[in-house]
S.K.: 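Okay, handing you the structure first.
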Amino acid sequence: MRKLTEYTPTRFMAEDSVYDKKAADYAVNFIQCLCHTKGTWAGKPFELIDWQEQIIRDLFGILKPNGYRQFNTAYVEIPKKQGKSELAAAVALLLCCGDGEERAEVYGCAADRQQASIVFEVAADMVRMCPALSKRVKILASTKRMVYLPTNSFYQVLSAEAYSKHGFNIHGVVFDELHTQPNRKLFDVMTKGSGDARMQPLYFLITTAGTDPHSICYETHQKAMDILEGRKINPTFYPVIYGAKEDEDWTSEEVWRKANPSLDITVGIDKVKDACESAKQNPAEENSFRQLRLNQWVKQEVRWMPMSKWDACAFTVDEESLKGRICFGGLDLSTTTDITAFVLVFPPVDEDDKYQVLSYFWLPEETLDLRVRRDHVPYDVWERQKLLNTTEGAVIHYAYVERFIENLGEKFNIREIAFDRWGATQVAQNLENAGFTMAQFGQGFASMSPPTKQLMNLVLEQRIAHGGNPVLRWMMDNVFVEMDDAGNIKPSKKKSTEKIDGVVAMVMALDRAIRVGTSQYESVYDKRGVLVI
């Protein structure tokens, strides 16, 4: 058994939170007084594996200044046969019987009653094997309910069909195999405001990766990934994902061990080897192996840009040295309450030069703090760093954006500005009146695919310099692409998990920079001089 030799609180611990070792020890000890219920482990004490103990100590030991738990939602995504059901059952019993909550309501949820009953049956067997609990817990097997008599608390099984039942006063929810939920109805009923009357409700979501990119599980998976990779901040959400990356070798034993933290404990490596060999012989089994053994989301849209390649293009872009240079703009206005983006692309002047990118962004000033709290994106930090501009009021003042672009026009030689005519007609007209050449740019595959593909080529060849702008990087990391039957691609605002306006603006500007470049504007006299007759 791999035990946790030294505990270090999660990096997602809030600055004002504290680690209460006594509270964490209590939770760990409660669980370790239970017994395993199946197979060769049946009847043996539930000794938490290192990764399990880390989760329990983080969830139950990290407390806010008011003494209540910091995290109210835990998302644990992990391959099959790692001990999910046992851990979920132990957490359910801890919330119901060991949390000191009077009349606690704890629910076990899954796609159907049979699935939801799996964790319940494990919990019921744990109670039967524990003398202290068996005296205090009444198990109602027919209704899949158990009652902890000292506090009149209960643990009840629900299924997806129960979504219409409101009026819950939830202290805890254990969602088993969230990826199997047919829709989001039960999830919303159980998590949206249902625990407001409790001081520290816990929603414990545990699952293997799924296959549906439009599911509530994938939505939650993306939220967890955003927090893990620093795109979002949410001090109440605890993300844990064990799995292999898309570009890793799915046949590698090293990859198996990284993705399966309980390997050689709850599942033998020989079982994984056998499953891998079977998948090699039968390609139809590969996706199943990737999903269940490596916890990979299969048959899904994936983020488009390899961010290590994008980061390798963070070459310095010096605005002063670009003064007077020919460049092309892309303008994405979005809505009056959302991010507006303007990107300039400077074509290379010689073989050693790169396409250089300058990006500018705007948000309404009045709603900035609200958006930081709601979206968990550091807009306020970017504003202080002068990477994001704000306009007065609760909506974007396009006149301010127009003046900003006019000032850029005095500094740089902006030859064309590409724009999406939807919602931008008046701004485009105003900029045209100010002397800019405006080019309407369609948002379909025909217009967007060539520059989108070319952007990837430039990044892979390190022929583009973007200066490492963190706002543009965040947007690039959000990009999902759509593909048509002919293989054309375009950035998809609908499928992308967050804002990508700067990328769309850059793609439009890049198209004009590549198609038009500097050649159209070169004077014949630049090449041969003036002839004297």
Side-chain angles (χ1 to χ4, degrees), residues 1 3-4 7 20-63 67-69 74 76 83-109 116-157 169-174 176 198-204 206 262 265-266:
M1 184 75 70
K3 297 294 293 177
L4 193 66
Y7 168 74
D20 187 325
K21 185 176 184 299
K22 184 177 179 181
D25 286 346
Y26 172 81
V28 169
N29 291 336
F30 179 95
I31 292 175
Q32 295 193 149
C33 285
L34 303 173
C35 291
H36 288 285
T37 64
K38 296 179 180 178
T40 57
W41 293 91
K44 295 181 180 179
F46 191 155
E47 293 185 26
L48 290 167
I49 306 170
D50 51 6
W51 69 270
Q52 295 174 328
E53 184 175 346
Q54 179 77 38
I55 291 172
I56 297 302
R57 289 190 176 277
D58 285 345
L59 291 180
F60 291 91
I62 295 178
L63 309 181
Y68 294 107
R69 292 190 285 264
V76 181
K84 289 197 303 295
S85 297
E86 286 76 9
L87 182 62
V91 169
L93 288 175
L94 176 56
L95 292 171
C96 180
C97 309
D99 217 19
E101 185 79 7
E102 289 291 329
R103 296 182 180 272
E105 296 181 20
V106 180
Y107 296 93
C109 300
S117 297
I118 293 175
V119 173
F120 178 86
E121 294 298 344
V122 173
D125 285 341
M126 286 179 170
V127 168
R128 296 184 183 104
M129 293 179 180
C130 178
L133 285 180
S134 63
K135 295 176 183 178
R136 296 168 174 83
V137 174
K138 183 177 181 180
I139 300 173
L140 306 172
S142 61
T143 57
K144 303 301 180 187
R145 183 185 184 97
M146 64 176 68
V147 181
Y148 181 62
L149 300 175
T151 59
N152 203 26
S153 300
F154 65 80
Y155 169 35
Q156 175 70 59
V157 167
N169 186 359
I170 289 174
H171 178 62
V173 174
V174 174
D176 185 33
R198 304 284 183 175
M199 296 306 297
Q200 50 180 4
L202 178 63
Y203 307 103
F204 191 76
I206 192 160
S262 299
I265 300 175
T266 60

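Only this structure's heavy atoms are used, side chains among them; waters, hydrogens and symmetry mates stay out.
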S.K.: Please check if the side chain of D99 supplies one atom and the backbone of E101 the other of a donor-acceptor pair under 3.5 Å.
M.R.: no
S.K.: Could you tell me which non-hydrogen atom of A24 sits nearest to which non-hydrogen atom of G61, and how far apart they are?
M.R.: CB-CA, 3.8 Å
S.K.: Which value, rounded to the nearest 0.5 Å, describes the distance between S142 atom OG and L140 atom CG?
M.R.: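 Reported to 0.5 Å precision, the distance equals 6.5 Å.
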S.K.: How long is the span from the SG atom in C109 to the CG atom in D176, to the nearest 0.5 Å?
M.R.: 10.0 Å
S.K.: Restricting to non-hydrogen atoms, name the atom on I55 and the atom on F204 that form the minimum distance, rounded to 0.1 Å.
M.R.: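 Minimum heavy-atom contact is CG2-CE1, 4.3 Å.
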S.K.: Heavy-atom distance under 4.5 Å between the side chains of R145 and V157, does that happen here?
M.R.: no
S.K.: How about I170 and R198: do any of their side-chain heavy atoms sit closer than 4.5 Å?
M.R.: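 No, too far: nothing below the 4.5 Å cut-off.
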S.K.: Return yes if some donor-acceptor pair links the side-chain N/O of E86 with the main-chain N/O of C35 below 3.5 Å, else return no.
M.R.: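 Judged by distance alone, no pair lies under 3.5 Å.
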S.K.: So that I know where these two stand, are F120 and Y155 an aromatic pair - ring centroids less than 6.0 Å apart?
M.R.: yes
S.K.: Who are the side-chain hydrogen bond (donor to acceptor under 3.5 Å, both in side chains) partners of D50, not counting sequence neighbours?
M.R.: none
S.K.: Check whether any side-chain N or O of R69 sits under 3.5 Å from a backbone N or O of L63 as a donor-acceptor pair, and report yes or no.
M.R.: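 Judged by distance alone, no pair lies under 3.5 Å.
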S.K.: Backbone N or O of N169 within a donor-acceptor pair of the E105 side chain at under 3.5 Å?
M.R.: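 Between the backbone of N169 and the side chain of E105 there is a qualifying donor-acceptor contact (under 3.5 Å).
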S.K.: Using the test ring-ring contact (aromatic ring centres under 6.0 Å, His included), find all partners of Y68 that sit at least two apart in sequence or belong to another chain.
M.R.: none
S.K.: Using a strict cut-off of less than 4.0 Å between a Lys/Arg side-chain nitrogen and an Asp/Glu carboxylate oxygen, indicate whether D125 and R128 qualify as a salt bridge.
M.R.: yes
S.K.: Is there a donor-acceptor pair closer than 3.5 Å between any side-chain N or O of Q52 and the backbone N or O of I49?
M.R.: yes
S.K.: Is any side-chain heavy atom of R57 less than 4.5 Å from a side-chain heavy atom of D25?
M.R.: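 In contact.
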S.K.: Main chain of A132, side chain of R136: is a donor-acceptor contact present, judged purely on distance under 3.5 Å?
M.R.: yes
S.K.: Do I56 and I31 have side chains that approach each other closer than 4.5 Å (heavy atoms only, starting at C-beta)?
M.R.: yes
S.K.: Using a 6.0 Å cut-off, check whether atom NZ of K135 has over 12 heavy atoms from anything other than its own residue.
M.R.: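 Incorrect, the count does not exceed 12.
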S.K.: Can you give me the closest heavy-atom contact between A116 and G108, atom names plus distance?
M.R.: CB-O, 4.0 Å
S.K.: Kindly give the heavy-atom pair with the smallest separation between L95 and G172, and that separation in Å.
M.R.: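 In this case the closest contact between L95 and G172 is CD1-CA, 3.9 Å.
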S.K.: Looking at side-chain heavy atoms only, is the closest gap between V91 and I206 below 4.5 Å?
M.R.: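 No - every pair of side-chain heavy atoms lies 4.5 Å or more apart.
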S.K.: Compare all side-chain heavy atoms of K3 with those of E53 and state whether any distance is below 4.5 angstrom.
M.R.: yes
S.K.: Between K144 and E121, does the side chain to side chain contact (heavy atoms under 4.5 Å, CB included) criterion hold? Intermediate values first, please.
M.R.: CA-CA 8 Å; K144 303 301 180 187; E121 294 298 344; 2.5 Å; yes
S.K.: Using the test ring-ring contact (aromatic ring centres under 6.0 Å, His included), find all partners of Y203 that sit at least two apart in sequence or belong to another chain.
M.R.: none
S.K.: Which atom pair, heavy atoms only, marks the closest approach of W51 to S262?
M.R.: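 That would be NE1-OG, 2.8 Å.
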S.K.: With side chains defined as the heavy atoms from C-beta onward, is the minimum distance between L93 and M146 less than 4.5 Å?
M.R.: yes
S.K.: Kindly indicate, with the supporting measurements, whether the criterion side chain to side chain contact (heavy atoms under 4.5 Å, CB included) is fulfilled by M126 and F46.
M.R.: CA-CA 10 Å; M126 286 179 170; F46 191 155; 3.7 Å; yes
S.K.: Classify the ring geometry between H36 and W41 as parallel (under 30°), tilted (30 to 60°) or perpendicular (over 60°).
M.R.: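 Ring orientation of H36 relative to W41: tilted.
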S.K.: Kindly determine whether V173 and V106 satisfy side chain to side chain contact (heavy atoms under 4.5 Å, CB included), including the steps that lead there.
M.R.: CA-CA 6 Å; V173 174; V106 180; over 6 Å; no
S.K.: Do you know the tightest heavy-atom contact between A92 and V174?
M.R.: CB-CG2, 3.9 Å
S.K.: Please enumerate all residues that pass side-chain hydrogen bond (donor to acceptor under 3.5 Å, both in side chains) together with T151, with sequence neighbours excluded.
M.R.: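 Here the qualifying residues are S153.
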S.K.: Is there a donor-acceptor pair closer than 3.5 Å between any side-chain N or O of Y26 and the backbone N or O of F60?
M.R.: no
S.K.: Supply the atom-to-atom distance L149 CG to K138 NZ, rounded to the nearest 0.5 angstrom.
M.R.: 7.5 Å
S.K.: What is the distance from atom NZ of K22 to atom CG of N29, rounded to the nearest 0.5 Å?
M.R.: 12.0 Å
S.K.: If you round to the nearest 0.5 Å, how far is SG of C97 from CZ of F154?
M.R.: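 Output value for this atom pair is 12.5 Å.
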S.K.: Who pairs with K38 by side-chain hydrogen bond (donor to acceptor under 3.5 Å, both in side chains), at least two apart in sequence or on another chain?
M.R.: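 Partners of K38 under the side-chain hydrogen bond (donor to acceptor under 3.5 Å, both in side chains) test: none.
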S.K.: Please list, chain by chain and in numerical order, all residues satisfying side-chain hydrogen bond (donor to acceptor under 3.5 Å, both in side chains) with E47, sequence neighbours excluded.
M.R.: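 Listed in chain order: nothing, the list is empty.
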S.K.: Would you please test M129 and L34 for side chain to side chain contact (heavy atoms under 4.5 Å, CB included) and show each step?
M.R.: CA-CA 7 Å; M129 293 179 180; L34 303 173; over 6 Å; no
